[in-house]
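Notes follow the structure.
Computed over heavy atoms, backbone and side chain alike; hydrogens, waters and symmetry mates excluded. Order of the sequence lines sets the chain letters (A, B, ...), proteins ahead of strands, with each chain counted from 1. All values reported here derive from a predicted model rather than from experimental measurement.
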There are 2 protein chains.
Amino acid sequence: MGYSVSEQEQLLFLFKTLSNQLGPKFEKNTQFSLSRFELLYQLVQFEEISQSSLQKIVNIDHAAITRHLKQLEIDGYVTRRRNPKDNRETIVHLTEEGRQQIFNCQKDKQSFTNQMFSHFNDKELKSLIDMLQRIQKNIKEI
Amino acid sequence: MGYSVSEQEQLLFLFKTLSNQLGPKFEKNTQFSLSRFELLYQLVQFEEISQSSLQKIVNIDHAAITRHLKQLEIDGYVTRRRNPKDNRETIVHLTEEGRQQIFNCQKDKQSFTNQMFSHFNDKELKSLIDMLQRIQKNIKEI
DNA sequence: GCTCAATTATTGATAGCTCAAATATTGATG
DNA sequence: CATCAATATTTGAGCTATCAATAATTGAGC
């Protein structure tokens, strides 16, 4: 335990602040909230997937998943139906409209992240990912 | 622009996820939300400070500041009064009760952050702080 | 001294998130 | 085949956060 207390505190606050500022800015630039974007983004590569599987990937609470997907269904970006093989499950599918939407905002997202990580090199990004994943793992055990 | 797209995306999602998991866990372990904790924590070293100055330090929206401090006043942890020299300002002061509370939960906070950053060395923490601050700066310009 | 822009705080509207409780379905066990 | 634990989703309650609009106060410039 050779490190200073104040660095840990600083980081604790930094995470919260950063995330609070990140969300609204992202939404303003892409027309999608970060969570909705991530959901659609994952759906692109899955074609069909149950809500619970999707939940495990994006790490958002079940309740939030349900509400997001309900709204995305209303917007016409996804379809939802029960799994005939297991009626507990809801299977989600990205519509053509949804695919188009997520495709359209790729450019905005790209320029957003480019700005967000400007002056970062590849090594730094990799190191950042590594550290965040380790923290996430540490937190899970609390 | 020599870095891969998927790393940037991964980080984008990681920040959100991490912060979403961090808040509730912290609150469960310390009886204070991260924001309330930070507010009280800053007040310890200031004795008296205006809400707007406090806002600049913690980087939370004015509206949220007002609501937090109102509740903390009801709880008896802070007092609030108008600045006689400038009636627009509200001056916040930490009560003895508030000081005691923040002192009492220091140990919980400490063991929380120790767990959160376990297996991190000092150099990594410093590097993490540096990168997060740079990102914060980048975001501010968007 | 009056007007007007800037500053500070507050309130209302909206949305996201978590947790806990409720509902429905499945599958295993006796 | 009845029961019961596990799984998947949904709903309700409670927080927190942002943004936008409003109100009160101050200070500068004419």
Length of the [atom1]-[atom2] vector between [X] and [N], whole Å:
| X | N | atom1 | atom2 | result |
| --- | --- | --- | --- | --- |
| A:Glu73 | D:dT9 | CD | P | 13 Å |
| A:Gln71 | D:dT10 | CD | P | 14 Å |
| B:Asn29 | C:dC19 | CG | C1' | 15 Å |
| A:Leu72 | C:dA15 | CG | P | 13 Å |
| B:Arg82 | C:dT7 | CZ | P | 17 Å |
| B:Leu39 | C:dA9 | CG | P | 13 Å |
| A:Asp75 | C:dA15 | CG | P | 11 Å |
| B:Gln55 | C:dA9 | CD | P | 9 Å |

Next on the checklist: Could you work out, with salt bridge (Lys or Arg N to Asp or Glu O under 4.0 Å) as the rule, every residue matching B:Glu48, not counting sequence neighbours?
Outcome noted: B:Arg81
Checklist entry - Taking only residues two or more places apart in sequence or in another chain, which ones pass salt bridge (Lys or Arg N to Asp or Glu O under 4.0 Å) with A:Lys137? => result none
Checklist entry - Which residues pass the side-chain hydrogen bond (donor to acceptor under 3.5 Å, both in side chains) test with B:Asp75, sequence neighbours left out? => result B:Gln71
Item to check | side-chain hydrogen bond (donor to acceptor under 3.5 Å, both in side chains) partners of B:Ser50, counting only residues at least two apart | outcome: B:Ser52, B:Ser53
Next on the checklist: Please classify the nucleic acid contact of A:Thr90 as base, sugar-phosphate, or nothing, using heavy-atom distances under 4.0 Å.
Outcome noted: sugar-phosphate
Next on the checklist: Do the side chains of A:Asp130 and A:Arg134 get close enough for a salt bridge, i.e. N-O under 4.0 angstrom?
Outcome noted: yes
Next on the checklist: Going by ring pair (Phe, Tyr, Trp, His ring centres under 6.0 Å), name the residues that satisfy it together with B:Phe112, two or more places apart in sequence or in a different chain.
Outcome noted: B:Phe26
Checklist entry - Just by protein heavy atoms under 4.0 Å, how would nucleotides 16-28 of chain D read 5' to 3' in B, S and -? => result SSBB-----BS--
Next on the checklist: Is there a side-chain contact between A:Ser52 and the phosphate of D:dT9, meaning an N or O under 4.0 Å from OP1 or OP2?
Outcome noted: yes
Next on the checklist: Check this one for me: any side-chain N or O of A:Gln51 less than 4.0 Å away from OP1 or OP2 of D:dT10?
Outcome noted: yes
Checklist entry - Taking the side chain as C-beta and beyond, is there a heavy-atom pair between B:Tyr77 and B:Phe32 under 4.5 Å? => result yes
